[in-house]
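Not measured: the values here are computed from a predicted model. We use all heavy atoms of the structure for the numbers below, so side chains are in, but hydrogens, waters and symmetry mates are not.
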Amino acid sequence: MLLKGRKLISRILPEDKEICLLDEANPYQAITPPIVQSTLFTFKCFEDYQNHRLQKHKQYYYTRGNNPTTNMLEDKLARLERGEVCRVFSSGMGAVSAAVISHLKSGDHILFVNTIYAPTMTYAGFLERFNISYSYIRQTDIAAIASNILENTKMIYVESPGSIDLKIVDLRAIAKLAKAKNILTAIDNTYSTPLYQKPLELGIDISIHSCSKYISGHADVMAGAVITSEKLMYNIEEYGFKLHGAVPSPHDAYLLLRGLRTMPSRLEAIQTSTAEVVDFLMHHPRIIKVHHPLAYLEEDKKLFWSQASGYTSLLSFELDVENFQDLAKFVNNLKHFHLGVSWGGYENLVLTPYVAGDFAKIKALGYAPNLVRLSLGLFDSASIINDLKQALS
Ligand SMILES: *Cc1c(COP(=O)(O)O)cnc(C)c1O
């Protein structure tokens with residue numbers, strides 16, 4: 001009833017569904033991919049080994065490099081995102097740090113745009129001791145971005161939609177601006193998954209994911225991914241991947257291949273419940289503002305659907321409270337939500353991102369201490385709405 005008149009237009013491409021479901025080159029006709037749980041691969045004879053080292057013929061060599069199970073996953077993620085190549089890492093931060101550091105050197109500058117995942121900004125701060133500087137702007141308009149580009153800016157790094165306040169940036173415009181100045185662009189695309197947003201098609205150079213969220217889908221795997229062109233992957237693979245060494249275990253790669261099989265269905269299922277919950281929250285008198293693509297103003301909505309084909313179940317809202325006691329009352333009254341970080345699993349999660357400090361001071365710094373973030377799991381929208389209703393009352 002709540003959805004009357006609203007057309008759900010989230011859409012997963014049929015060819016993407018097939019990539020998620022089918023395995024290619026699966027030996028033994030096994031229905032599940034083999035987990036090649038081996039650190040090394042040996043050679044039949046001296047000549048084979050020598051030819052491999054001379055790069056005359058290639059074979060599997062060492063898992064901090066290539067592994068058949070991990071390669072299967074990388075192949076799928078690259079195809080889903082329409083990139084030439086993908087490398088999978090042992091965490092999202094492994095992917096973020098490798099993608100950022102591998103193309104930079106002392107003296108370079110990075111421009112971060114939109115509300116960025118906090119540990120990524122901590123990493124940017126760490127890079128200052130190697131003489132790599134950064135600017136961080138939370139504005140998203142292209143004029144503000146252009147005016148913050150410096151002579152030595154080598155990379156523009158964005159998150160869109162952001163994972164805290166869900167703000168969006170114009171990816172085509174950023175890509176165009178950066179290309180004209182020979183600046184690399186990178187996006188943290190975790191919110192959308194490779195099914196709903198394909199930034200490389202919009203001109204962005206490097207796409208990064210935390211696979212610990214929707215791709216795993218069950219809150220039991222830590223992993224990350226970088227998808228880009230072969231040319232840009234060279235440095236990322238040689239330095240950030242092989243030398244920093246955050247490679248995934250083949251078993252985790254298998255769990256992610258399994259996660260991919262159900263991801264299209266999981267995302268389709270949460271679409272409906274998310275739309276109903278967003279609708280409920282937008283009409284509730286105790287809620288000041290809802291942050292989610294379905295709650296965007298007209299202009300952002302248009303931009304969103306021009307660069308993504310769907311939304312997911314991460315959302316946030318500003319609650320009508322003036323202190324942490326009232327915020328705590330709401331959070332503690334929720335019965336069907338776990339309080340915790342991360343998102344994208346089967347469970348419902350609640351998080352209040354800005355609680356370290358004084359309520360009024362946090363507000364004065366431009367952050368919303370009354371912000372509540374929800375990640376909706378695979379539960380019925382009625383049970384979620386009833387729970388929110390009783391906690392709000
Ligand atoms: C979780 C997350 C990361 C980091 O991923 P890990 O797998 O936790 O290392 C990066 N970006 C966003 C938006 C995230 O939500």
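- Remark: the Tyr117 side chain and the Ser210 side chain contain no N/O donor-acceptor pair separated by less than 3.5 Å.
- Ring pair Tyr49/Phe43 is perpendicular by interplanar angle, where above 60° counts as perpendicular and below 30° as parallel.
- Other residues, nucleotides and ligands contribute over 12 non-hydrogen atoms within 6.0 Å of the CG atom of Leu54.
- Donor-acceptor pairing under 3.5 Å is recorded for the side chains of Ser163 and Glu159.
- Of the residues Lys198, Lys76, Arg79, the one that meets the side-chain hydrogen bond (donor to acceptor under 3.5 Å, both in side chains) test with Asp16 is Lys198.
- Ring-centre distance between Tyr61 and Phe41: not below the 6.0 Å cut-off.
- Shown here is Phe130, whose CZ atom has more than 12 heavy atoms of other residues, nucleotides or ligands within 6.0 Å.
- Interatomic distance, Tyr296 OH to Leu166 CG, rounded to the nearest 0.5 Å: 5.5 Å.
- By the 4.0 Å N-to-carboxylate-O rule, Lys231 lies too far from Asp205 to be salt-bridged with it.
- The aromatic rings of Tyr123 and Phe126 sit tilted, their planes meeting at an angle between 30° and 60°.
- Judged by distance alone, the side chains of Asn66 and Asn71 do bring a donor and an acceptor atom under 3.5 Å apart.
- Counting heavy atoms of neighbouring residues, nucleotides and ligands inside a 6.0 Å radius, atom NZ of Lys179 exceeds 12 of them.
- Counting only heavy atoms from C-beta outward, the side chains of Asn348 and His336 approach each other to under 4.5 Å.
- From Leu376, atom CG reaches atom CZ of Phe337 across 5.5 Å, with rounding to the nearest 0.5 Å.
- Taking a 6.0 Å sphere around CG of Leu40, one finds it holds more than 12 heavy atoms contributed by other residues, nucleotides or ligands.
- Considering OH of Tyr214 and CD1 of Ile270, their distance stands at 4.0 Å, rounded to 0.5 Å.
- For Tyr239 and His244, the ring centers sit 6.0 Å or farther from each other.
- Between the Ser212 side chain and the Ala223 main chain, a donor and an acceptor come within less than 3.5 Å of each other.
- Atom CG of Asp75 is separated from atom CE of Met72 by 8.5 Å, given to the nearest 0.5 angstrom.
- No donor-acceptor contact under 3.5 angstrom links the side chains of Arg258 and Tyr254, judged on distance only.
- With respect to Arg286 and Asp320, a salt bridge is recorded, a charged nitrogen being found less than 4.0 Å from a carboxylate O.
- Atom CD of Glu15 and atom CG of Leu80 lie 10.0 Å apart (nearest 0.5 Å).
- Residues His292 and Tyr311 bring their aromatic ring centres within 6.0 Å.
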Checking Val100 against Ile110 for the side chain to side chain contact (heavy atoms under 4.5 Å, CB included) test, could you report, in this order, the C-alpha distance in whole Å, the side-chain angles of both residues, the deciding distance, and whether it holds? CA-CA 9 Å; Val100 169; Ile110 320 167; 3.7 Å; yes
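- With Lys335 contributing its side chain and Gln390 its backbone, the two residues share no donor-acceptor pair below 3.5 Å.
- A heavy-atom distance below 4.5 Å is not found between the side chains of Thr69 and Gln37.
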For Asp188 and Ile116, run side chain to side chain contact (heavy atoms under 4.5 Å, CB included): C-alpha distance rounded to whole Å, both residues' side-chain angles, the deciding distance at 0.1 Å, then the answer. CA-CA 9 Å; Asp188 183 329; Ile116 300 281; over 6 Å; no
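- The environment of CZ in Arg64 is sparse: at most 12 heavy-atom neighbours from other residues, nucleotides or ligands sit within 6.0 Å.
- Between the side chain of His103 and the backbone N or O of Ala99, no donor-acceptor pair lies under 3.5 Å.
- Within the structure, every pair that satisfies the side-chain hydrogen bond (donor to acceptor under 3.5 Å, both in side chains) test and touches residues 360-380, not counting sequence neighbours, is listed here: Glu322-Lys363.
- Placement of Leu21 and Leu267 in two distinct hydrophobic clusters is found when ILVMFWY residues are connected by side-chain heavy-atom separations under 4.5 Å, directly or transitively.
- In this structure, a donor-acceptor pair under 3.5 Å is present between the side chains of Asp165 and Thr115.
- Under the 4.5 Å side-chain contact rule for hydrophobic residues, Ile137 and Val158 share a cluster.
- Ring pair Phe112/Tyr157 is tilted by interplanar angle, where 30° to 60° counts as tilted.
- To the nearest 0.5 Å, atom CG of residue Asn182 and atom NZ of residue Lys154 are 9.0 Å apart.
- Membership of the apolar cluster around Leu351 extends to Val341, as traced through chained side-chain contacts below 4.5 Å between ILVMFWY residues.
- In this structure the side chain of Leu111 never reaches within 4.5 angstrom of the side chain of Met155, judged on heavy atoms.
- Electrostatic pairing of Glu318 and Lys289 does not count as a salt bridge here, judged by no charged N lying under 4.0 Å from a carboxylate O.
- Between the side chain of Gln307 and the main chain of Val169, a donor-acceptor pair closer than 3.5 Å is present.
- With 3.5 Å as the limit, one finds no donor-acceptor pair spanning the side chains of Ser160 and Asn114.
- Judged as a salt bridge (Lys or Arg N to Asp or Glu O under 4.0 Å), and not counting sequence neighbours, the contacts of Lys17 are Glu268.
- A donor-acceptor pair shorter than 3.5 Å cannot be found between the side chains of Ser229 and Glu84.
- Proximity of a side-chain donor or acceptor of Asn67 to a complementary backbone N or O of Val36 within less than 3.5 Å is detected.
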Before you tell me yes or no, could you show the steps for His109 and Tyr134 under ring pair (Phe, Tyr, Trp, His ring centres under 6.0 Å), namely the whole-Å CA-CA distance, both residues' side-chain angles and the distance that decides it to 0.1 Å? CA-CA 5 Å; His109 170 263; Tyr134 73 91; 8.1 Å; no
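- With a 6.0 Å radius and a threshold of 12 heavy atoms from other residues, nucleotides or ligands, Glu298 has its CD atom at or below the threshold.
- Side-chain atoms of Thr42 and Tyr60, non-hydrogen and from C-beta on, never get closer than 4.5 Å to each other.
- Using a 4.5 Å cut-off on side-chain heavy atoms (C-beta onward), Ile236 and Lys242 make no contact.
- Judged by distance alone, the side chain of Thr153 and the main-chain N or O of Ile149 form no donor-acceptor pair under 3.5 Å.
- A distance-only check finds a donor-acceptor pair linking the side chain of Thr122 to the backbone of Ala118 [under 3.5 Å].
- Between the side chain of Thr228 and the backbone N or O of Met233, no donor-acceptor pair lies under 3.5 Å.
- Ile183 and Ile208 fall into different hydrophobic clusters, where Ile, Leu, Val, Met, Phe, Trp and Tyr are joined by side-chain heavy atoms under 4.5 Å apart, directly or via other members.
- Of the residues listed (Ile385, Val290, Val372), the one engaging Leu281 in a side chain to side chain contact (heavy atoms under 4.5 Å, CB included) is Val290, and it is the only one.
- Under the 3.5 Å distance criterion, the side-chain polar atoms of Arg266 are matched with a main-chain donor or acceptor of Gly259.
- For the 3.5 Å distance criterion, the side chains of Ser106 and Asn131 qualify, holding a donor opposite an acceptor.
- No side-chain donor-acceptor contact under 3.5 Å links His251 to the backbone of Ser249.
- Leu378 and Leu260 end up in the same hydrophobic cluster when Ile, Leu, Val, Met, Phe, Trp and Tyr side chains are linked at under 4.5 Å.
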Does the pair Tyr196 and Thr312 meet the rule for a side chain to side chain contact (heavy atoms under 4.5 Å, CB included), with working shown? CA-CA 9 Å; Tyr196 281 148; Thr312 57; 3.8 Å; yes
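- In terms of hydrophobic clustering, with Ile, Leu, Val, Met, Phe, Trp and Tyr side chains grouped at heavy-atom distances under 4.5 Å, Leu371 and Leu388 are assigned to a common cluster.
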